[in-house]
Each structure stands twice: as C-alpha cells, then as structure tokens.
Amino acid sequence: MTTGPTALLDEPRRFRTDALDRDTLAAAWGVDAHAGAVAEPIRAYGELDAGRSLADRCRAVFDDVEDQAGDSGLPGVLLLGSPTGSGWVNAAALTAVEAWTRGDCASIALQYGVLRSQASVRALPVAAQSIAALVDEAARRVEAAGRTRDTTIILWAESLGAWALLVALAERPDLLDLSCAVHVIWVGVPGPALADPRLRAALDARAGVTTFAASGDVLDERDLAPDRSDIVLIHADDPVAHLPGTSLVWRPQAHTVPTAMPASARRYRRGWIPLVTALQARRTLDRVTRPPSPTHLRGVHDYRYAAASAVRACLSLPLTDLHVVQRLVAQRAASAVDWAA
C-alpha cells in the first residue's frame, strides 16, 4: 500500500470492520455479554459513489444504521466523523465512544475523497457540503424517531476534517443548532483555517461553549455543559496548527492558536522566505501526517491518547472509568493498522 501524497486508502473497509464487539466490551467492563449490559456497536460508512447524489448517500448511510439497530431504534449516541482527505476518521475516537457507551452508539462518516490531506485542500467545498449534509440527515432521523431528548451527537472533526467543518459553519452558522445534545471535538485544526478571518470568526462565535486544551489530560478536570459544548484540542507542538500554510510566493496570514499555552511553546513562529518557507512547511506536514506508531499514542499531530478523555468529557461520564477506555484504545491501536491521512 502506498503512503505518498496521492495514496489511495481503503478507509471504508477499515472503518466498518474495526469496531469493538460485544464480547470484548463485556470483558473490559466485567459484565455478562448476554445480560443486556453491553450492545453491539454500529458503524456505517458512505464511500464515494459517483452514481448517487449526496442526499442519497446520506440517506443510505442512515438507513444502514437503522437496519443494524433493528427494533431498538437509533442508539443513544451518534458519533459523526468529519473525515480527512482520504476519508480517514481517527480509530481511537471510534473505539472510545464504543467503550464509553458500552456499545450503545453508532459511528458514521461520509467519504468525499481518497487522497491524503495535503492533496485534498481543493476538495474543501465538497468536504464542507458532505459534513453539513450528514449533520442535517442525522437531525432529521433523530427528530423523526422522537429521540431528541435522549440522543447525543458528537462531531469528531480532525485536521482537514476540522477545516471542512469550519467552512460548513461559516456558510451556515445555524448548522449545529439542533434539537438534541450536540458536542463538537475540534482536533489539530490546520493553521490556514485558523488564519482565515471568516473561518476563525465561525470558531470564535462558539467561544461561549468552548473548552480549549493543549492535551487530553486537561479535559479530565473539566465539566462540560450536558447539551452543548466544543472542545478545541491542539498540542502545543503540533506544526499543522502552527504553520501558516504552504504558499509559494505570498506571505501567509499570521494567526494565533486558540489554546492556553505559553508563548515560548509556539515553536513555529518563523520568518517567511518565498519558496523556502513553503517547501519546509510541506516537508514538515508530510512527516507529521504519516501513519502513527501503533504503540505511541501521542505524537505532535497524533491525538489518539486524547480521544478517551475528550469523549468522556462530552458524555459527562465518571473519570474513575477512564483507565478502562484508555486500555481498550491502546489494545486496538496495537492490533490494527490505523492509516493516517
């Protein structure tokens, strides 16, 4: 399998087949797998299909969720992934939500491309349309099922996926004004998105419900609102958030990274030299977005370690159980190939 800037990754298969099963969940929590204490997690993924409209693909992916749910109806937690360029959604986030909910969840994503993120910036308008359509369909299904009071939607938007969601919000500020609980986890937001005044305004407009964190551990001490919250999670040393972009001839827009970190930690505040700075930035971005180490869950642009804490904070679940979920995340990372994008 290639891993260059135009690598084709089989994200639909990985997304669908990598779920925790009922027996694994039961063993982790020390319960009977057949006593109703755990459920079989649902995963549904809408791969690229040029023969179907965006609306049809959204309906199909939620039909898949409802078919898998059967008579039990929509699960209590829906995790919507805003994918990176290749369609990748962080497997640690999927594992974390399945573990915390003991399987009473559905993880859903819609693919808009098959290239690594550096080669997918031009696809941002399509990516924004895709995540907006997925949110709209989720809201319709929840309302149709009469589940607005007992359903929580978590949006996991990482790297280029966060950029795409910001584009969608800038175009539709009311996109996330839903009748059910909604939590957004913004992860490793790219510097060019933070430097864009229009997109930054869309993020800043949510400041009233936003928690900024430079690591997942910070979230272990925070209590979030039960129905609306945003988590902006950016490592202090993540060059994807700090680099202003890869423009060849013009000076990129300066920006600040919206996390509580000392100014001395902002390592990527360098002078700008035409062409040279752009080439340096591209090399750095290519390096840090390569596939992560299976056993080292925290790199500069690797947020797998933080997933368990972020999902726990959104769902307001006991901190005493964090070690159970962290262990499942680590075990799954060590046993599965999680291709970065």
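As a basis for the values below, the full set of heavy atoms in this structure was taken, side chains included, without hydrogen atoms, waters or symmetry mates.
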Verify side chain to side chain contact (heavy atoms under 4.5 Å, CB included) between Val182 and Arg228, making sure each step is shown before the conclusion.
-> CA-CA 5 Å; Val182 180; Arg228 289 288 187 280; 4.1 Å; yes
Side chain to side chain contact (heavy atoms under 4.5 Å, CB included) assessment of Ile231 paired with Leu224 | CA-CA 9 Å; Ile231 294 172; Leu224 306 183; 3.8 Å; yes
Short side-chain donor-acceptor distance under 3.5 Å, His301 and Ser159 | yes
Check whether more than 12 heavy atoms from other residues, nucleotides or ligands sit under 6.0 Å from atom CG of Asp223, and answer yes or no.
-> no
Got a sec: does the OH of Tyr305 have more than 12 other heavy atoms crowding it under 6.0 Å?
->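 It does not: Tyr305 OH has 12 such atoms or fewer within range.
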So, taking the atom named [atom1] in [X] and the one named [atom2] in [Y], what distance separates them when rounded to the nearest 0.5 Å?
X      : Y      : atom1 : atom2 : answer
Glu158 : Leu233 : CD    : CG    : 9.0 Å
Leu176 : Leu155 : CG    : CG    : 6.0 Å
Leu319 : Arg222 : CG    : CZ    : 13.5 Å
Asp302 : Arg290 : CG    : CZ    : 15.0 Å
Glu137 : Ile108 : CD    : CD1   : 10.0 Å
Ser107 : Leu78  : OG    : CG    : 9.0 Å

Residue pair [X] / [Y]: nearest heavy atoms and the distance that separates them:
X      : Y      : result
Trp100 : Ala308 : NE1-O, 2.9 Å
Ala170 : Arg198 : CB-NH1, 3.5 Å
Thr152 : His183 : CG2-CD2, 3.6 Å
Arg172 : Ala132 : NH1-CB, 4.1 Å
Gly161 : Ser82  : O-OG, 2.7 Å
Ala44  : Gln68  : CB-NE2, 4.4 Å

Should [X] and [Y] count as an ion pair when the cut-off is N to O under 4.0 Å?
X      : Y      : answer
Asp286 : Arg116 : yes
Glu98  : Arg43  : yes
Asp64  : Arg16  : no
Arg59  : Asp56  : yes
Arg332 : Asp18  : yes

Are any non-hydrogen side-chain atoms of [X] and [Y] less than 4.5 angstrom apart?
X      : Y      : answer
Thr211 : Ser229 : no
Pro258 : Arg200 : yes
Leu166 : Asp196 : no
Leu328 : Leu20  : yes
Leu203 : Val232 : yes
Val121 : Trp163 : yes
Leu79  : Leu94  : yes

Given Pro83, which of Trp88, Phe15, Tyr112 fulfils the side chain to side chain contact (heavy atoms under 4.5 Å, CB included) condition?
-> Tyr112
Is there a donor-acceptor pair under 3.5 Å between the side chain of [X] and the backbone N or O of [Y]?
X      : Y      : result
Arg57  : Gly46  : yes
Asp104 : Pro75  : no
Arg312 : Leu219 : yes
Ser72  : Ala69  : yes
Tyr45  : Gly87  : yes
Gln111 : Ser86  : yes

Evaluate the criterion side chain to side chain donor-acceptor pair (under 3.5 Å) for residue pair Asn90 and Trp156; output intermediate values, then yes/no.
-> CA-CA 8 Å; Asn90 198 325; Trp156 180 276; 5.7 Å; no
Would a single hydrophobic cluster contain both [Y] and [X], if residues Ile, Leu, Val, Met, Phe, Trp and Tyr are joined by side-chain heavy-atom contacts under 4.5 Å?
X      : Y      : result
Val77  : Leu322 : yes
Val218 : Val184 : no
Val209 : Ile185 : no
Val97  : Trp29  : yes

Any chance you could lay out the side chain to side chain contact (heavy atoms under 4.5 Å, CB included) test for Val126 and Ser130, step after step, and finish with the verdict?
-> CA-CA 6 Å; Val126 176; Ser130 296; 4.3 Å; yes
Should Thr24 and Asp21 be marked as a side chain to side chain donor-acceptor pair (under 3.5 Å) after you check the CA-CA gap, both sets of side-chain angles, and the distance that decides it?
-> CA-CA 5 Å; Thr24 300; Asp21 56 55; 2.9 Å; yes
With a distance cut-off below 6.0 Å to the six-membered ring centre and an angular limit of 45° from the axis, does Arg298 pair with Tyr303 as a cation-pi contact?
->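 Here Arg298 fails the 6.0 Å and 45° test against Tyr303.
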Is there a side chain to side chain contact (heavy atoms under 4.5 Å, CB included) between Ser179 and Val142 once you walk through the steps?
-> CA-CA 9 Å; Ser179 55; Val142 171; 5.5 Å; no
